[in-house]
Structures are given as C-alpha cells and as structure tokens.
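Here is the structure we will look at.
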2 protein chains.
Amino acid sequence: MVPKPALERLCRIYTSLEEMDTAASVYASSRELEDMTGIPAHTLRKDISYLDQPGPGGGKYRVERLMAVLEQTLGLKRRPKVCVAGLGPLGQLCLKMLCSRREFEVVAGFDANINVIELTESDVDLFPSYELPAVARARGIELAVLTVADGEVEKTAARLYDGGVRGILNYTGVTVPPEYGFDVRSVSLFEELRILAAGLRAAEK
Amino acid sequence: MVPKPALERLCRIYTSLEEMDTAASVYASSRELEDMTGIPAHTLRKDISYLDQPGPGGGKYRVERLMAVLEQTLGLKRRPKVCVAGLGPLGQLCLKMLCSRREFEVVAGFDANINVIELTESDVDLFPSYELPAVARARGIELAVLTVADGEVEKTAARLYDGGVRGILNYTGVTVPPEYGFDVRSVSLFEELRILAAGLRAAEK
DNA sequence: ATGTGTGAATTTATTCACAGCT
DNA sequence: AGCTGTGAATAAATTCACACAT
C-alpha cells in the first residue's frame with residue numbers, strides 16, 4: 001500500500017515529467033528530478049519504488065516509461081469522469097481549462113441559475129443543479145470541481161453524494177461537510193494564503 | 001515547534017470557526033469541531049495544545065477566544081502583504097476576492113502586458129512585470145498569488161525572489177523552480193484532480 | 001563508475017489514556 | 001459529569017546505506 005504523501009509526490013513528479021522536453025531528454029536521474037521538483041532524491045526513489053514496476057534497477061529512468069507506469073499505477077490513463085458544479089466566473093474558467101486537454105472526461109456542468117445555463121457556451125452538457133444526482137448517476141461521474149457560492153456548498157455536497165461522486169476539488173471558501181466521506185482537496189484562496197502566512201511566521205521563530 | 005500538518009489543520013479549524021454563527025454558539029467542544037472539520041477530536045485537541053495559550057483546561061472552547069489565539073499564533077492578525085502576479089481572468093478574480101475582505105493587505109498586481117494594466121479597473125496599484133522586484137522590495141510584499149501563463153512562471157519566480165517574496169500560492173500548471181527556496185502551495189487544477197483520481201484508484205485496491 | 005531498489009534505522013506524526021480543571 | 005491538555009505509546013513516513021544492475 002502506497003502512503004498518501006507519496007501519492008501526492010508522485011503526482012507532482014508526473015507534472016514535472018510532463019514539463020520536460022521529451023525529445024531533448026530521454027533519461028532522467030533521481031538527482032535531476034530532485035532539481036526539478038524539490039523532492040529529495042532518496043524520497044523520490046522510495047516513492048517510485050512503490051509503483052508496480054519501478055525503473056530498471058541500474059541506469060537512469062526512461063522518462064517515457066516512467067510516465068507510463070505512473071499513469072498506470074495512479075489510474076490517470078482511465079480519463080476519470082469529472083463535472084463542474086457552479087458556473088460562475090471561476091467555474092467557467094475551470095470548465096474551459098478542463099476541456100482544453102484530453103486528460104479528464106468532462107461530462108457535465110451544473111448551476112442553480114437556469115439563465116446561466118442557457119447563456120453559457122460550452123461543448124459540455126449543462127444542467128440545472130437539481131438534476132445533479134440523476135445526471136451524475138446516469139453518467140458515472142466520479143469527481144467534481146466545486147465552484148458554487150459558499151452558501152450552496154452544503155446542498156451541493158448532498159446532491160453530489162446522491163449522485164455517487166467520490167472526490168471533490170473544493171474551490172469554495174467553506175468546508176465540505178465531512179459526514180459524506182468524500183475525498184476532498186481544498187483549494188481555498190484564503191485558507192491557502194493563511195497556511196503560507198502561518199508557515200512564514202513559524203519559520204521566523 | 002508545531003508540526004507542519006498540524007499547522008495546516010489549525011488553519012482549517014480557523015476556517016470552520018469563521019463559518020460558525022458566533023452569536024448562536026459561543027462555545028464549541030472538540031467533538032463538535034470534529035463534526036464540522038472532519039478532523040478527529042483527539043488530533044484536534046493535540047493541535048490546539050501546540051498553541052501558546054490553548055483553551056482553559058476544563059469546559060468547552062470559547063469560540064471567540066480560540067480564534068483570537070489562532071490569529072495570534074498563526075500570524076494571521078498581521079494582515080500579511082500579498083500581491084497577484086498575472087492578471088488574466090483567474091488573476092483578476094483572485095484580486096477581486098482578496099480585496100473583498102480585509103484579511104490580507106493586497107499591495108500590488110503585476111502583468112507582462114501593459115494594455116491589461118491600463119484596462120483593468122482595480123483599487124490596487126498595478127504594474128508591469130519588470131517592476132516587480134523593485135515594487136515588492138519597496139512595499140515589503142511577503143506572499144504572491146501566481147496566476148501568470150505557464151510559460152512565464154520561471155521568469156516571474158526569479159523576479160519574486162529578487163523582490164524578497166517568501167511564499168507563493170501557485171495557480172499555474174507548472175512547477176515553481178525549487179532552487180529559490182520559496183514556501184509553495186500548489187493549486188493546479190489538473191494536479192489536484194490527478195491526486196483525487198489516484199486516491200480513488202488506491203482506495204479500490 | 002554511476003545510479004537504482006529496498007530493508008533497516010531514524011525521525012516525525014498520530015492516537016491513546018488519564019490527570020486535572022470547571 | 002464532561003471536557004480539555006499532554007506525556008507516553010503507537011503508527012507512519014522519511015532518511016540512510018548498501019546490494020545489485022548497467
């Protein structure tokens with residue numbers, strides 16, 4: 001079983017591998033990856049050793065192969081099905097970004113306001129919020145990007161749960177109710193800045 | 001010295017306290033906070049015990065007091081000085097959100113494109129990117145919200161470093177170069193979704 | 001010679017359990 | 001009686017160090 005912090009680091013590593021010019025550098029050592037990611041080389045090797053098939057014992061990692069193994073073990077190749085709940089400016093931005101790459105399958109967008117749904121242009125099917133549970137179930141949505149107004153988080157969480165959604169990327173400023181057992185990653189502007197501020201303060205002392 | 005994971009949880013706790021109706025509930029027990037945050041009661045008590053002055057031994061926490069102590073110990077009361085680098089749609093959104101509350105002192109916005117600077121309406125002073133180091137130094141900016149295009153991250157990071165900025169909230173899709181020793185929190189749409197996807201996959205097995 | 005893979009050692013974080021306060 | 005605060009016990013993650021592959 002791979003430790004959760006290792007899982008996060010592996011995703012960071014994947015991001016860094018993506019940034020590499022695959023043509024220019026076919027191989028990368030753990031030391032080189034350390035310089036790119038900031039993750040110490042030994043931690044990084046340990047993390048990679050959790051994968052089903054790590055590198056080939058001796059010699060550097062073959063970038064392409066490593067990415068393939070990461071995609072495999074981390075389940076990235078499956079194109080997980082994702083929706084966007086809340087189509088304000090931020091939600092629309094997320095929708096656009098998600099559509100700009102093939103990585104995830106963007107299955108639906110939801111908003112409480114029907115006008116928004118009619119006025120928004122998108123390749124993705126848009127629905128009023130109350131249809132969320134039915135649509136999510138019918139289409140097998142696994143992940144949601146939560147960009148609703150703070151006041152709607154509670155109701156939306158309940159609907160996502162009814163729809164069988166398992167993981168939430170929470171862009172709102174409030175806490176996703178924990179009782180549903182979602183896997184949540186929170187990305188609140190203020191909370192993240194607070195953590196940074198607290199870190200600075202802690203470093204000083 | 002307070003462990004870093006504890007620090008993050010304390011910030012989450014602070015967020016949840018904020019959400020409480022302070023008039024309605026003056027006191028909160030660790031158990032009640034568990035229900036709100038999802039953090040187990042004993043973890044939460046331990047975390048709070050790291051603070052300079054935790055609660056009053058017996059009885060529940062006084063919400064107002066606990067928030068005050070958190071603000072104190074986490075350095076939130078100082079109104080840390082923050083800037084936004086990159087004034088595309090996301091950057092402008094962040095700028096607006098930051099200005100809507102008094103919590104941080106929003107000191108400046110930066111963009112490579114001078115037209116953007118002239119056309120954007122904001123209470124905050126806006127500058128072209130090359131002035132970043134000088135302005136950041138002159139105004140004592142500590143934190144930056146990084147919302148530039150992916151291709152500009154490297155150059156911007158160098159400028160932030162020259163400006164004496166210590167922490168970065170990274171909204172871009174690429175890694176902030178680690179060599180400057182920034183305290184970074186990354187909030188990349190794709191990377192976060194990948195972590196969620198990997199988590200689901202790991203849970204299945 | 002250089003660089004990975006991994007068990008063992010060490011460090012760090014979480015959980016427990018209970019003394020002490022209200 | 002109920003709840004916090006915290007040292008001690010447990011669990012988890014990181015770092016080390018070296019065998020082994022290229």
Side chain of B/R45 - closest among C/dT4, C/dT6, C/dA17: C/dA17
Rounded interatomic separation in angstrom, taking OH from B/Y61 and P from C/dC21: 16 Å
Residue pairs, two or more places apart or on separate chains, that pass side chain to side chain donor-acceptor pair (under 3.5 Å) and touch residues 98-111 of chain B: A/R194-B/E103
A/S16 versus B/T175, side-chain donor and acceptor atoms under 3.5 Å: yes
A/T147 side-chain N/O to A/A85 backbone N/O, donor-acceptor pair under 3.5 Å: yes
Interatomic distance, A/L33 CG vs C/dT4 P [rounded to whole Å]: 8 Å
From A/R9 atom CZ to A/I48 atom CD1, the distance as rounded to the nearest 0.5 Å: 11.0 Å
Rounded distance in Å - NZ (A/K60) to P (C/dG5): 14 Å
Outermost DNA chain D nucleotides near chain A [under 4.0 Å, heavy atoms]: D/dA13 to D/dT22
Of residues 4-17 of chain B, the positions that come close to DNA chain D - non-hydrogen atoms, cut-off under 4.0 Å: none
For atom OH of A/Y27 and atom P of C/dG3, their distance in whole Å: 14 Å
Pairwise 5' ranking along DNA chain D for A/G59 and A/T43, keeping only the more 5' one: A/T43
Atom-pair distance (CZ on A/R65; C1' on C/dG3), nearest Å: 15 Å
Among B/R166, B/R78, B/R79, B/R137, the one residue meeting salt bridge (Lys or Arg N to Asp or Glu O under 4.0 Å) with B/E142: B/R78
Whole angstrom value for the distance that separates C1' of C/dT4 from CD of A/Q53: 16 Å
Nearest-Å distance for atom pair NE2/P, residues A/H42 and C/dT2: 19 Å
Listed nucleotide nearest any side-chain atom of B/Y50, set C/dT6, C/dA13, C/dT14: C/dT14
Any donor-acceptor N/O pair, B/E32 side chain to B/S29 backbone, under 3.5 Å: yes
side-chain hydrogen bond (donor to acceptor under 3.5 Å, both in side chains) assessment of A/Y14 paired with B/E191: CA-CA 9 Å; A/Y14 184 84; B/E191 195 168 310; over 6 Å; no
Distance in Å, A/C83 SG paired with A/F110 CZ, rounded so as to fall on 0.5 Å steps: 5.0 Å
B/Y50 side, atom OH; B/R45 side, atom CZ - distance, nearest 0.5 Å: 13.0 Å
Sugar-phosphate only, base, or nothing, as touched by B/S29 at under 4.0 Å among non-hydrogen atoms: sugar-phosphate
